[in-house]
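Report on the structure given below.
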Amino acid sequence: MIKVLYFARLKEQLDTASEEMDAEGVAALGDLVQQLQGRGGVWQEAFGDGQTVMMALNQEMADATTTVADGDEVAFFPPVTGG
């Protein structure tokens, strides 16, 4: 199982802060994003083309090519802006 965390705007948009997902078929973070997009609706809106979503694997910044393994923790969050 993979623990998936959603922060800030994503947490509110998706109406969930976390979930457990089966690691089968998820070799890299890009695969996980595609699975989330495949849910449709707000998931497609949040993770679809043109959306910028930051990713972390086990509390280290990561990208779509980062390998995922059973027991990992993945976090998704929007880019942070400051002023």
Inset, instruction - Quick one: which residue pairs count as a salt bridge (Lys or Arg N to Asp or Glu O under 4.0 Å) with a foot in residues 46-59, not counting sequence neighbours? - result: none

Legend entry - Same cluster (ILVMFWY, side-chain, under 4.5 Å), V42 and F77: no

Inset, instruction - Would you kindly confirm whether W43 and V68 end up in one hydrophobic cluster when ILVMFWY residues are joined by side chain heavy atoms under 4.5 Å apart? - result: yes

Side chains of residues 2-15: which donor-acceptor partners sit under 3.5 Å, not counting sequence neighbours?
unit_1	atom_1	unit_2	atom_2	d
Y6	OH	E19	OE2	2.5
R9	NH1	Q13	OE1	3.0

Legend entry - Heavy-atom neighbours of E24 CD exceed 12 at 6.0 Å: no

Under 3.5 Å donor-acceptor pairs involving side-chain atoms of residues 50-59, not counting sequence neighbours:
unit_1	atom_1	unit_2	atom_2	d
N58	OD1	E73	N	2.8
N58	ND2	D72	OD1	2.9

Inset, instruction - Sort and list the pairs that fulfil ring pair (Phe, Tyr, Trp, His ring centres under 6.0 Å) and have at least one residue in residues 50-76, not counting sequence neighbours. - result: F47-F76

Inset, instruction - Report the distance from atom CG of D31 to atom OG1 of T66, rounding to the nearest 0.5 Å. - result: 11.5 Å

